[in-house]
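Below you'll find the structure, written out as structure tokens, and then a few comments.
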Amino acid sequence: MSLVKLTIQGISYSQTQNGAYALILNEVDGDRKLPIVIGAFEAQSIAIALEKEIKPPRPLTHDLFKNFAERFDIVVKQVIIHKLVDGVFYSSIICERDKIEEIIDARTSDAIALALRFNAPIFTYKNILDKAGIYMKTNLMDDENSPKEMDESLSNSNTYGVEDNAVTGSTYSKNSLTELTELLENAVEKEDYREAAKIRDEISKREDSNLK
């Protein structure tokens with residue numbers, strides 16, 4: 001079976017499915033998305049890994065695993081989402097130490113959180129993408145899409161994920177850059193990483209706008 005490389009498009013929160021987050025993976029050489037429902041802790045850990053400028057004052061569980069692995073010269077080479085059973089994705093972490101390769105079973109959310117920290121590629125098999133991949137009309141990163149519209153985009157597609165724009169949405173448009181920097185520092189100190197990600201998005205948007 002042929003492997004298909006995936007990238008992370010973003011993380012979303014669904015108002016229609018309480019407490020559910022969706023990790024949206026994107027087919028590298030195609031237009032299909034692979035939405036995977038994950039827990040709040042895993043969503044936070046992945047969001048922190050995506051936000052390179054946010055440094056937690058204490059290591060998260062996946063950061064601890066990375067530090068432990070590096071101390072013993074273990075490298076995560078790649079992650080493969082290798083099975084889909086009853087709507088649940090199963091993944092493997094391909095590791096290497098002293099040129100010896102090991103395969104470790106893992107939850108997909110944990111595997112991807114580690115892949116990000118090791119800059120390791122993420123793959124799935126073509127038959128899994130054929131079964132669970134979808135073509136989304138809405139864009140996760142588009143602030144004009146309402147949570148209801150995004151939820152319906154996925155729930156009506158008979159998929160395994162839900163979507164809205166809670167992670168990328170901003171409520172800080174009226175704050176100055178100086179205020180945003182202070183709010184970002186406070187959020188990180190309080191270990192409120194979801195809020196820190198929102199603030200960092202607003203800062204990045206301002207900086208990009210100033211460059212134009």
Side-chain angles (χ1 to χ4, degrees), residues 4-14 17-28 33-70 75-82 84 87-95 104-124 128-129 132-133 136 139-141 147 150 154 159-170 184 187-188 190-202 204:
V4 179
K5 190 173 183 179
L6 304 169
T7 58
I8 297 175
Q9 180 174 334
I11 304 172
S12 64
Y13 177 77
S14 174
Q17 295 190 27
N18 189 31
Y21 286 78
L23 173 65
I24 310 297
L25 302 177
N26 201 43
E27 182 183 14
V28 170
K33 318 294 182 186
L34 189 67
I36 302 174
V37 175
I38 62 176
F41 171 78
E42 292 77 14
Q44 173 179 280
S45 182
I46 291 171
I48 289 301
L50 290 170
E51 294 288 339
K52 302 296 184 183
E53 296 183 35
I54 298 178
K55 303 297 182 184
R58 299 181 298 169
L60 301 178
T61 301
H62 297 106
D63 297 319
L64 177 61
F65 183 97
K66 181 176 184 291
N67 295 338
F68 183 90
E70 289 182 335
V75 178
V76 172
K77 304 294 291 184
Q78 62 182 5
V79 163
I80 300 176
I81 304 170
H82 64 83
L84 174 61
V88 178
F89 292 92
Y90 294 80
S91 294
S92 296
I93 302 173
I94 314 301
C95 302
I104 301 174
D105 287 333
R107 295 188 306 169
T108 298
S109 54
D110 290 328
I112 290 175
L114 290 173
L116 283 169
R117 286 162 170 79
F118 282 90
N119 294 316
I122 302 165
F123 297 93
T124 191
I128 292 178
L129 194 59
M136 290 175 56
N139 185 349
L140 178 64
M141 309 306 288
M150 289 190 174
L154 286 169
T159 67
Y160 306 90
V162 293
E163 177 174 355
D164 69 27
N165 203 21
V167 172
T168 57
S170 174
L184 177 60
V188 172
K190 294 177 181 178
E191 301 186 20
D192 186 353
Y193 301 122
R194 183 183 174 200
E195 205 63 30
K198 290 183 182 180
I199 300 168
R200 181 60 234 172
D201 284 345
E202 181 62 30
S204 297

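Note that the structure is a prediction, hence the values are computed from the model and not measured. No hydrogens, no waters, no symmetry mates; every other heavy atom, side chains included, goes into these values.
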Worksheet item: Would a 4.5 Å heavy-atom cut-off, applied to side chains only, mark Leu23 and Ile46 as touching?
Response: yes
Fill in: 4.5 Å side-chain heavy-atom contact, Leu50 and Leu116
yes
Worksheet item: Quick one: does Ile48's side chain get under 4.5 Å of Leu60's, heavy atoms only?
Response: yes
Worksheet entry | For Thr61, side-chain contact (heavy atoms from CB on, under 4.5 Å) partners two or more places apart | Phe41
Item to complete: Flag the pair Ile11 / Ile24 as yes when at least one side-chain heavy-atom distance between them is below 4.5 Å, and no otherwise.
Response: no
Practice prompt. Report yes if some heavy atom in the side chain of Phe65 is under 4.5 Å from a heavy atom in the side chain of Asp110; otherwise report no.
Written response: no
Practice prompt. Please assess Lys5 against Glu27 for the test salt bridge (charged side-chain N to carboxylate O under 4.0 Å, His left out), listing each intermediate value before the final yes or no.
Written response: CA-CA 6 Å; Lys5 190 173 183 179; Glu27 182 183 14; over 6 Å; no
Discussion item. Once ring-ring contact (aromatic ring centres under 6.0 Å, His included) is applied, do any residues pair with Phe68, and if so which ones, sequence neighbours excluded?
Written reply: Phe72
Worksheet item: Got a sec, which pairs hit salt bridge (charged side-chain N to carboxylate O under 4.0 Å, His left out) with one end in residues 115-124, sequence neighbours left out?
Response: Asp63-Arg117
Discussion item. Are the side chains of Leu25 and Gln9 in contact, using a 4.5 Å heavy-atom criterion?
Written reply: no
Worksheet item: Between Thr124 (side chain) and Ile81 (backbone), is there a donor-acceptor pair under 3.5 Å?
Response: yes
Discussion item. In the structure I gave you, are the side-chain heavy atoms of Ile8 and Ile112 within less than 4.5 Å of one another anywhere?
Written reply: yes
